[in-house]
Number of protein chains: 2
Amino acid sequence: MFGGSKDKAGGSVLARVPKSTFRAHIADGLRAAILNGDIEPGAQLVETTLADQFGVSRGPLREAMRQLIDEGLLIAVPYTGTHVVGLSVDDVREIYSMRVTLEIFAFEQIWARRDQAFRQGLVARRDALTACIDAEDDAASIVAELQLHGFVYEATGHKLLIRTWESIRGRLQLYWAAHHRAHGIRGPRRDGHDRYVAMALSDDFDALKSEITDHMARGGRQTEDFLRGREAGAAKHA
Amino acid sequence: MFGGSKDKAGGSVLARVPKSTFRAHIADGLRAAILNGDIEPGAQLVETTLADQFGVSRGPLREAMRQLIDEGLLIAVPYTGTHVVGLSVDDVREIYSMRVTLEIFAFEQIWARRDQAFRQGLVARRDALTACIDAEDDAASIVAELQLHGFVYEATGHKLLIRTWESIRGRLQLYWAAHHRAHGIRGPRRDGHDRYVAMALSDDFDALKSEITDHMARGGRQTEDFLRGREAGAAKHA
DNA sequence: AGACAGTCGATTGTTGACAATGTGAGCCGG
DNA sequence: CCGGCTCACATTGTCAACAATCGACTGTCT
């Protein structure tokens with residue numbers, strides 16, 4: 001997946017990319033594999049195995065895993081093992097309640113500064129999401145939805161807020177991916193996003209607040225029904 | 001006993017408590033040193049030096065530093081060096097605005113569940129803080145104030161919220177410590193906390209919201225004046 | 001003198017080997 | 001048949017050495 005490790009295998013695709021460090025690339029690769037569902041929730045990640053797969057030593061791999069642990073995607077037990085987290089109903093509920101708060105805060109920050117670029121960017125991402133939904137491409141729609149919301153956070157320029165969003169985004173994506181694999185279609189949320197963007201561009205802040213609250217409540221509910229079934233087996237995170 | 005080998009009594013003040021892994025202890029020790037001001041903002045942290053001081057190898061130390069980087073206390077430049085962050089005016093402003101949002105959210109979560117234990121816990125921490133302020137013990141008052149607010153977050157039981165608070169707490173403490181060293185007394189904030197707790201135990205949620213907003217605005221303003229002077233030299237964080 | 005290339009030292013990034021720990025299988029005694 | 005014990009294995013934790021990279025210094029050429 002990465003460089004042919006010790007150069008021995010010669011020309012791998014991106015053999016020489018010492019532009020930055022290995023750790024970042026490994027973290028990205030691992031995260032992608034987890035969020036993509038290649039590694040299922042609850043699965044154990046063995047350092048030596050992964051190190052071989054990525055063609056690196058355990059050192060950088062360890063640091064990459066530590067990063068994913070901080071992001072809330074992995075859970076490690078000393079001397080025992082590291083597993084992909086399985087989100088519980090409460091976890092998902094927490095994520096959604098947090099999103100309501102953070103996103104309203106984001107709009108507070110940017111409300112007076114919603115210029116043309118912001119409006120265009122928001123509409124463009126809504127259209128992209130709509131296209132994915134119409135095409136019934138769930139994987140793409142997950143990414144598109146994350147980018148729609150992420151655009152709002154980015155627009156605030158509030159570094160701490162963005163950082164916080166990013167710390168939640170992974171878990172949200174993890175949940176959506178699991179939901180999608182188990183349930184198939186994530187549901188026709190097209191209307192919801194249209195309303196969301198319309199409110200975001202309106203001049204009625206209170207209406208937007210309500211819309212965000214409802215938006216999340218809908219997503220959360222649609223969610224819990226599905227999760228309630230698998231309450232037992234999944235590994236809890238700390 | 002542990003990593004064996006070394007054991008040469010070299011480890012400085014670090015106690016021999018290998019109950020868990022080294023990494024956690026090193027992270028705690030380093031964080032304490034930074035927040036305590038033993039290591040000043042902008043100072044460079046050299047892995048080999050620190051490793052010797054802590055009596056461990058660079059491996060665990062690296063992971064500890066990576067953790068502090070994630071907490072926002074350090075900033076690393078590949079192949080070049082790692083430094084203690086110096087917070088800018090904007091950084092502090094972001095921290096305070098974020099606190100307003102998170103703390104109001106925390107009270108929303110717990111508002112209906114404020115039982116006797118919560119009320120007593122809050123009052124106890126307010127009294128502890130008051131005692132520190134009256135004794136003019138600034139270092140202790142910083143800790144006491146963090147514990148007062150932390151108690152509110154803990155009481156919510158909202159793991160994601162608590163996690164987010166913890167990711168901010170370090171930076172806040174870093175700033176307070178720097179402010180204290182430069183300015184001496186942090187100011188008589190006794191009345192403010194009395195009002196804060198009173199509102200937190202009242203039945204007027206809107207009044208509490210206003211109080212929190214004002215509380216933070218006061219702290220933030222008291223803050224910016226001081227920071228505006230040192231705008232230049234300090235290292236910015238990414 | 002000024003600009004530029006090469007080199008050297010300092011620091012981090014990476015590696016492979018070794019030590020410590022937790023877990024489960026198999027064995028023994030009851 | 002069951003409960004506790006032993007022990008080997010799998011996995012993570014740690015270490016010391018090696019390699020890559022960056023920044024500054026120096027010496028030379030124009």
Side-chain angles (χ1 to χ4, degrees), chain A residues 1-9 12 14-30 39 42-70 74-84 235 238, chain B residues 1-11 14 16-30 39 42-70 74-84 235 238:
Chain A
M1 179 168 206
F2 211 71
S5 69
K6 326 301 267 320
D7 286 304
K8 46 178 64 166
S12 183
L14 43 146
R16 265 304 87 115
V17 190
K19 221 54 209 124
S20 185
T21 80
F22 273 162
R23 196 199 59 256
H25 289 279
I26 298 172
D28 290 344
L30 248 187
I39 310 176
Q44 182 172 12
L45 301 182
V46 179
E47 295 180 359
T48 54
T49 306
L50 286 176
D52 286 345
Q53 288 180 352
F54 280 96
V56 296
S57 154
R58 276 180 56 214
L61 185 105
R62 253 171 99 70
E63 296 190 16
M65 286 178 71
R66 185 72 42 195
Q67 183 174 336
L68 296 189
I69 290 172
D70 283 330
L74 302 179
I75 174 70
V77 181
Y79 288 108
T80 303
T82 306
H83 295 77
V84 179
Chain B
M1 166 190 261
F2 211 73
S5 58
K6 278 330 194 172
D7 243 359
K8 52 173 69 159
L14 188 59
R16 266 302 110 92
V17 186
K19 214 55 212 127
S20 186
T21 79
F22 271 161
R23 194 198 58 255
H25 289 277
I26 297 172
D28 290 344
L30 248 187
I39 310 176
Q44 181 173 12
L45 300 182
V46 179
E47 294 180 359
T48 53
T49 305
L50 286 175
D52 285 346
Q53 286 181 352
F54 279 97
V56 297
S57 156
R58 277 181 54 213
L61 185 106
R62 254 172 96 73
E63 296 191 17
M65 286 178 71
R66 185 70 46 195
Q67 184 174 335
L68 295 190
I69 291 173
D70 283 330
L74 302 180
I75 174 68
V77 180
Y79 287 107
T80 302
T82 306
H83 296 76
V84 179

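Across the protein-nucleic acid pair, A/Asp52 atom CG and D/dT12 atom P stand 12 Å apart, rounded to whole Å. B/Met65 places its CE atom 9 Å from the P atom of C/dG13, with the value rounded to the nearest Å. Protein atom NE2 of A/His83 is 9 Å distant from nucleotide atom P of D/dT12, rounded to whole Å. In this structure, B/Glu63 places its CD atom 11 Å from P of D/dC15, rounding to the nearest Å. In this structure, B/Ile69 atom CD1 and C/dT12 atom C1' are separated by 11 Å, rounded to whole Å. Rounded to whole Å, the distance from CZ on B/Arg58 to P on C/dA10 is 15 Å. For the pair B/Phe54 CZ and D/dT14 P, the computed distance is 14 Å after rounding to whole Å. Straight-line distance from the CZ atom of B/Phe22 to the P atom of D/dA16: 12 Å, rounded to whole Å.
Comparing C/dG16, D/dT14, C/dT12 by their closest approach to the side chain of B/Thr48 singles out C/dT12. Of all nucleotides listed (C/dT15, C/dT12, D/dG13), D/dG13 comes nearest to the side chain of A/Glu47. Of the candidate nucleotides C/dG13, C/dT11, D/dT14, D/dT14 has the atom lying nearest to any side-chain atom of A/Arg62.
Residue contacts shown for B/Leu45 are limited to sugar-phosphate atoms, with no base heavy atom under 4.0 Å away. When heavy atoms are screened at a 4.0 angstrom cut-off, A/Gly59 is found touching base atoms of the nucleic acid.
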Working for side-chain contact (heavy atoms from CB on, under 4.5 Å), residues B/Met65 and B/Leu45 = CA-CA 9 Å; B/Met65 286 178 71; B/Leu45 300 182; 4.0 Å; yes

Worked verdict on A/Phe54 versus A/Leu30 for side-chain contact (heavy atoms from CB on, under 4.5 Å) | CA-CA 9 Å; A/Phe54 280 96; A/Leu30 248 187; 4.1 Å; yes

Polar pairs (N or O, both sides) under 3.5 Å between protein and nucleotides 22-24 of chain C?
residue	atom	partner	partner atom	Å
C/dG22	O3'	A/Thr80	OG1	3.2

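Looking at A/Thr49, its side chain never comes within 3.5 Å of a backbone N or O of A/Glu47 through a donor-acceptor pair.
The shortest side-chain heavy-atom distance between A/Leu74 and A/Val84 falls under the 4.5 Å cut-off. Looking at heavy atoms from C-beta onward, B/Arg58 lies in side-chain contact with B/Thr48 at the 4.5 angstrom threshold.
Shown here are the side chain to side chain contact (heavy atoms under 4.5 Å, CB included) partners of A/Ala43, two or more places apart in sequence or in another chain: A/Ile39. Scored by the side-chain hydrogen bond (donor to acceptor under 3.5 Å, both in side chains) test, B/Arg23 finds no partners at all (sequence neighbours excluded).
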